[in-house]
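Taking it in order: structure first as structure tokens, then the write-up.
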Amino acid sequence: MTLDFGGSNNTLIVQGLTAFDLENTVTCGQAFRWRRVGDSYHCVVRGRLLVAQSSNGILQVSDYSLEPVEVSDLVDLVVDYFCLQADHAHTEAVLRELDPVVAEAIDFAPGIRILAQEPWECLISYVISARNFIPSIRSTVARLAERFGERVSNDEYEQVYGMQWYAFPTADSLADASVRDIEECGAAFRARYISKLANLVASGEVDLTEIAWLPYRSAKEKLMSLYGVGPKIAECVLLSSMRKYEAFPIDVWISRVLRFVYLRDPKASLKQMEAFAKSKFGDLAGFAEQYLFHWARTLKGDYLRRLDQATK
DNA sequence: ATCCAGGCCATAA
DNA sequence: TTATGGCCTGGA
């Protein structure tokens with residue numbers, strides 16, 4: 001696959017993309033900060049404010065950060081974050097071949113890339129996701145950023161769009177915050193988890209970059225040893241920020257898909273579901289999960305929820 | 001209104 | 001090792 005890079009100043013244009021859908025990728029639920037503005041999507045990615053739009057295999061990204069960007073850095077950031085160098089068309093083809101249900105999910109919303117998010121932001125965002133729902137998660141992340149993050153939007157952006165953006169707060173800044181402060185951003189009972197994690201990371205006792213280097217199994221154990229991080233959140237962090245594509249987060253939606261569509265056993269255990277996913281999808285489990293999750297929640301939501309109700 | 005959600009932790013068997 | 005109850009709060 002060959003990509004063409006063009007653009008100037010603060011703007012990058014990538015051409016020749018296949019199996020890439022910006023909208024599906026940023027709205028499928030893997031990231032919590034992307035915001036639609038007109039026909040573009042805005043987000044702070046690794047401390048830089050990006051405005052992205054895409055159609056017909058072309059992706060255009062502009063940087064509106066306070067600190068001006070070098071075009072070569074923008075290229076690196078965009079390629080790495082969106083995983084543009086991956087042969088995702090091949091991944092989709094293999095998955096379609098592997099299983100008809102996943103094939104249906106891919107047809108429903110193709111071109112979902114697994115974003116390479118920052119481990120720290122990813123960890124805290126998913127801790128917030130526990131026993132919560134997406135609009136609230138988004139709101140809490142935004143409030144934490146506004147209160148504890150550094151401002152990143154430049155004057156041009158603020159004049160054009162009439163709003164400001166703040167970076168996701170560092171571990172240091174959240175370690176300085178009180179549990180009460182974090183609660184007030186809407187984190188509620190998860191605030192003590194966040195506070196503890198912030199202190200561990202800020203002190204260097206826990207190094208997420210180091211964990212990311214570990215192989216899947218030991219990285220998962222390490223993450224699960226953290227207070228407030230169970231199997232589901234660990235898998236999410238491994239998949240969304242540590243490039244462990246064999247990870248398969250089992251949340252309520254995936255659980256419904258596995259129990260009612262695949263296993264046809266309403267009370268299949270977590271272990272059974274994990275074993276099934278591993279044997280069925282192997283190294284591509286994370287990609288399958290992403291497609292199935294989005295499909296289950298948006299297209300099959302009512303149906304699956306009803307089935308779940310009926311078996312309780 | 002009031003009900004409950006992208007889990008996790010603490011107990012109990 | 002597996003099964004329950006409780007948790008805060010803002011959106012639906």
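First the proteins, then the strands, lettered A, B, ... as listed; each starts at 1.
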- Message: Go nucleotide by nucleotide along DNA chain B from the 5' end; which of Phe32(A) and Met224(A) gets its closest nucleotide reached first?
- Response: Phe32(A)
- Have Tyr64(A) and His42(A) got a donor and an acceptor in their side chains that come within less than 3.5 Å? no
- Message: From the set dC8(C), dG11(C), dC8(B), return the single nucleotide nearest to any side-chain atom of Lys232(A).
- Response: dC8(B)
- Note on the structure: In whole angstroms, the gap separating C1' of dT2(B) from CZ of Phe133(A) amounts to 13 Å
- Query: Is it the case that more than 12 heavy atoms not belonging to Phe189(A) sit under 6.0 Å from its CZ atom?
  - Reply: yes
- Message: The side chain of Arg192(A) is closest to which nucleotide in this list: dG11(C), dG7(B), dC8(C)?
- Response: dC8(C)
- Query: For the side chain of Ala188(A), counting heavy atoms from C-beta on, which of dG7(B), dG10(C), dT9(C) is nearest?
  - Reply: dT9(C)
- Query: Is any side-chain N or O of Thr140(A) closer than 4.0 Å to OP1 or OP2 of dT9(C)?
  - Reply: no
- Is Lys244(A) close enough and on-axis enough to Tyr216(A), meaning under 6.0 Å and within 45°, for cation-pi? no
- Query: What is the distance, rounded to the nearest whole Å, between atom CD of Glu274(A) and atom C1' of dT1(C)?
  - Reply: 14 Å
- Item | Spacing of the P atoms in dT11(B) and dC8(C) (rounded, Å) | 14 Å
- Min side-chain heavy-atom separation Glu118(A)-Ser241(A) under 4.5 Å: no
- Message: Mind checking if Glu235(A) touches a base, just sugar-phosphate, or nothing, with heavy atoms under 4.0 Å?
- Response: nothing
- Query: Given dA12(C), dG10(C), dG7(B), which nucleotide is nearest the side-chain atoms of Asp251(A)?
  - Reply: dG7(B)
- Before giving the answer on ring pair (Phe, Tyr, Trp, His ring centres under 6.0 Å), spell out for Phe32(A) and Tyr126(A) the whole-Å C-alpha distance, their side-chain angles and the decisive distance to 0.1 Å. CA-CA 9 Å; Phe32(A) 300 101; Tyr126(A) 280 108; 5.3 Å; yes
- Just checking Gly228(A): base, sugar-phosphate only, or nothing, at a heavy-atom cut-off of under 4.0 Å? sugar-phosphate
- Item | Rounded interatomic separation in angstrom, taking CD1 from Ile182(A) and C1' from dG10(C) | 18 Å
- 5'-most contact on DNA chain C (nearest-nucleotide basis), Pro135(A) vs Asn132(A), goes to Asn132(A)
- Message: By nearest atom, which of the nucleotides dG7(B), dG11(C), dC8(C) is closest to the Arg190(A) side chain?
- Response: dC8(C)
- Separation of atom OH in Tyr193(A) from atom C1' in dA10(B), rounded to whole Å: 10 Å
- Query: What's the closest nucleotide to the Tyr227(A) side chain, out of dA10(B), dG7(B), dC8(C)?
  - Reply: dA10(B)
- Task: Mind calculating the distance between CZ (Phe189(A)) and C1' (dG10(C)) to the nearest angstrom?
- Result: 13 Å
- Note on the structure: From CZ of Phe293(A) across to P of dA5(B) the rounded distance in Å is 14 Å
- Report which part of the nucleic acid Ile137(A) touches: base, sugar-phosphate, or nothing (heavy-atom distance under 4.0 Å, all strands). base
- Query: Quick one: Arg256(A) CZ to dG7(B) P, roughly how many Å, whole number?
  - Reply: 9 Å
- Query: At under 4.0 Å between heavy atoms, what does Pro231(A) touch on the DNA or RNA strands: base, sugar-phosphate, or nothing?
  - Reply: sugar-phosphate
- Query: Hey, is CG on Asp176(A) packed in by over 12 heavy atoms from elsewhere, all under 6.0 Å?
  - Reply: yes
- Item | Identified pairing partner of dC9(B), criterion: Watson-Crick or G-U wobble below 3.5 Å | dG5(C)
- Task: Describe the nucleic acid contact of Leu226(A) in one word from base, sugar-phosphate, nothing, applying a heavy-atom distance below 4.0 Å.
- Result: sugar-phosphate
- Would you mind telling me which of dG7(B), dG11(C), dT2(C) lies closest to the side-chain atoms of Lys271(A)? dT2(C)
- Item | Touch class at under 4.0 angstrom, heavy-atom based, for Val229(A) against every strand present | sugar-phosphate
- Message: Using whole Å, what does the distance between atom P of nucleotide dA12(C) and atom CZ of Arg305(A) come to?
- Response: 13 Å
